[in-house]
Protein chains: 2
Amino acid sequence: MPVAARGSLAEALSLRGIRLTRQRRLLLEVLDNAPGHLNARELLQAARRTDPTIDRATVYRTLHLLKTSGLVDELDLLHLEGEEHYYERRRTGDHVHLGCPQCGTISEFETDLVTKLAQEVHRREGFTATGVRIEVRGTCKACGEAQAR
Amino acid sequence: MPVAARGSLAEALSLRGIRLTRQRRLLLEVLDNAPGHLNARELLQAARRTDPTIDRATVYRTLHLLKTSGLVDELDLLHLEGEEHYYERRRTGDHVHLGCPQCGTISEFETDLVTKLAQEVHRREGFTATGVRIEVRGTCKACGEAQAR
DNA sequence: CTGTGAATGCAACTGAGTCGCAACTACGAG
DNA sequence: CTCGTAGTTGCGACTCAGTTGCATTCACAG
């Protein structure tokens with residue numbers, strides 16, 4: 001079952017028959033509007049700005065729910081920024097994360113190689129991919145140019 | 001500087017001027033001979049079978065050293081088996097990890113798409129990759145066939 | 001509106017990973 | 001071969017992410 005191409009996470013959840021509580025609605029909203037990648041702690045902090053009573057456990061339970069529902073992906077971004085895990089809404093376009101340890105930037109890169117990889121794995125191994133995570137560590141353009149001098 | 005194609009991790013370390021202590025030698029040996037992927041706890045346990053006095057902190061410090069020297073890669077194997085990180089010796093062949101949550105198996109898959117990806121990222125973004133990690137979650141052949149019935 | 005099963009907040013807990021420090025040791029200089 | 005020392009270890013205390021059990025609260029079907 002594919003995720004609706006557009007529409008809020010909240011809609012997607014209620015379609016799955018998952019109870020929509022005030023806390024979940026808030027967390028989903030924060031995730032939907034987040035500029036970059038959030039970890040659990042940041043998600044909690046952001047949510048508490050609206051509802052200071054929301055608990056850590058609720059955040060973890062909700063993230064777990066979203067992960068197993070396939071609505072968010074979990075990343076560790078190559079541990080550039082610590083040991084925590086980061087979360088992002090699962091999207092339609094295949095993309096890869098590029099992390100540069102020198103400047104600490106995480107950028108994204110769209111490529112159909114992700115799909116090609118899934119196809120090759122299926123053809124050669126009989127393995128049916130449900131999720132692919134690709135993280136590349138290296139030197140970004142800006143840091144590379146700075147070094148060249 | 002490429003890692004020597006063959007030879008023990010210990011040799012590779014001493015080539016880099018890193019002091020070779022009894023504890024490091026032991027940990028390297030365990031890593032070299034490990035059948036699959038080890039996490040820090042398993043590495044500690046295995047090492048303690050030979051030297052019961054080796055400490056947790058030493059294991060973490062050594063792993064950190066090996067990571068920053070580029071001699072081992074850190075994986076989380078898509079959190080199939082928990083939240084810990086797993087370590088494997090960095091190898092010459094590009095490979096991808098295939099994880100099947102149903103049977104808990106992690107297998108590996110060699111493909112030149114890893115190299116192609118690094119090239120594409122460089123060509124289109126000016127990003128120079130030093131490491132690529134690809135983890136695929138899905139249904140392995142055996143579990144897929146079992147489901148078909 | 002109401003009953004109930006699911007979700008929440010809370011507080012205690014687990015376990016991975018880190019840190020400061022005193023004791024120890026690998027290894028290069030002599 | 002011996003010595004000095006900078007780097008390493010073991011130890012114990014600590015931090016902090018994530019989990020769990022339980023009493024209370026709440027979403028929502030009927």
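Heavy-atom basis, side chains included; hydrogens, waters and symmetry copies ignored. In what follows, chains carry the letters A, B, and so on, assigned in the order in which the sequence lines appear, proteins first and then strands, with residues in each chain numbered from 1.
Regarding B:Tyr86, its OH atom lies at a distance of 10 Å from the P atom of C:dG17, rounded to whole Å. Atoms CG (A:Asn39) and C1' (D:dC16) sit 12 Å apart, rounded to a whole Å. Note: CG (B:Leu26) to C1' (D:dG10) measures 15 Å, nearest angstrom. Regarding A:Glu42, its CD atom lies at a distance of 15 Å from the P atom of D:dC16, rounded to whole Å. Taking atom NE2 of residue B:His64 and atom C1' of nucleotide C:dA16, one finds them 15 Å apart after rounding to whole Å. With rounding to whole Å, B:Leu44 atom CG is found 14 Å from C:dG15 atom P. The distance from atom CG of B:Asp55 to atom C1' of D:dC14 is 14 Å, rounded to the nearest whole Å. Whole-Å rounding puts the A:Asp51 CG to C:dC10 P distance at 10 Å.
B:Thr111 contributes a side-chain N or O that, together with a main-chain N or O of B:Leu113, makes up a donor-acceptor pair within less than 3.5 Å. The closest donor-acceptor contact from the side chain of B:Arg24 to the backbone of B:Arg19 lies under 3.5 Å. Here the side chain of B:Thr105 pairs no donor or acceptor atom with the backbone of B:Cys100 at under 3.5 angstrom. Between the side chain of B:Gln147 and the main chain of B:Gly144, no donor-acceptor pair closer than 3.5 Å is present.
Under the rule for a salt bridge (charged side-chain N to carboxylate O under 4.0 Å, His left out), the partners of B:Arg124 that lie at least two apart in sequence or sit in another chain are B:Glu120. Judged as a salt bridge (charged side-chain N to carboxylate O under 4.0 Å, His left out), and not counting sequence neighbours, A:Arg48 has no contacts. In this view, B:Glu110 satisfies the salt bridge (charged side-chain N to carboxylate O under 4.0 Å, His left out) rule with no residue, not counting sequence neighbours.
Across C:dG9, D:dG18, D:dG10, the shortest atom-to-atom separation from the side chain of A:Ile54 is found for C:dG9.
Neither OP1 nor OP2 of C:dT18 sits under 4.0 Å from any side-chain N or O of B:Tyr60. Remark: B:Arg24 is in phosphate contact with D:dT8, judged by side-chain N or O atoms under 4.0 Å from OP1 or OP2. For the pair A:His85 and D:dG18, the criterion of a side-chain N or O lying under 4.0 Å from OP1 or OP2 is met.
Recorded end-axis angle for the helix from C:dC1-D:dG30 to C:dG30-D:dC1 stands at 40°, based on five pairs per end and rounded to 10 degrees.
A 4.5 Å side-chain heavy-atom check between A:Arg133 and B:Arg133 finds at least one atom pair inside the cut-off. Side-chain contact between B:Ile106 and B:Leu75: absent, with no pair of heavy atoms (C-beta onward) separated by less than 4.5 Å. Using a 4.5 Å heavy-atom cutoff, the side chains of B:Gln23 and B:Thr62 are not in contact.
Each of B:Arg41 and A:Thr53 has a nearest nucleotide on DNA chain C; the 5'-most of these lies closest to A:Thr53.
Donor-acceptor pairing under 3.5 Å, judged by distance alone, is present between the side chain of A:Arg56 and the base of D:dG18.
Rounded to the nearest 0.5 Å, atoms OG1 (A:Thr130) and CZ (B:Arg137) are 6.5 Å apart.
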Between the protein and nucleotides 28-30 of chain C, which nitrogen or oxygen pairs are less than 3.5 angstrom apart?
none

Determine, for nucleotides 21-30 of chain D in 5'-to-3' order, which nucleotides have protein heavy atoms under 4.0 Å from the base (write B), from only the sugar-phosphate (write S), or from neither (write -).
-> B-----BS--
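Judged by distance alone, the side chains of B:Glu135 and B:His97 never bring a donor and an acceptor atom under 3.5 Å apart.
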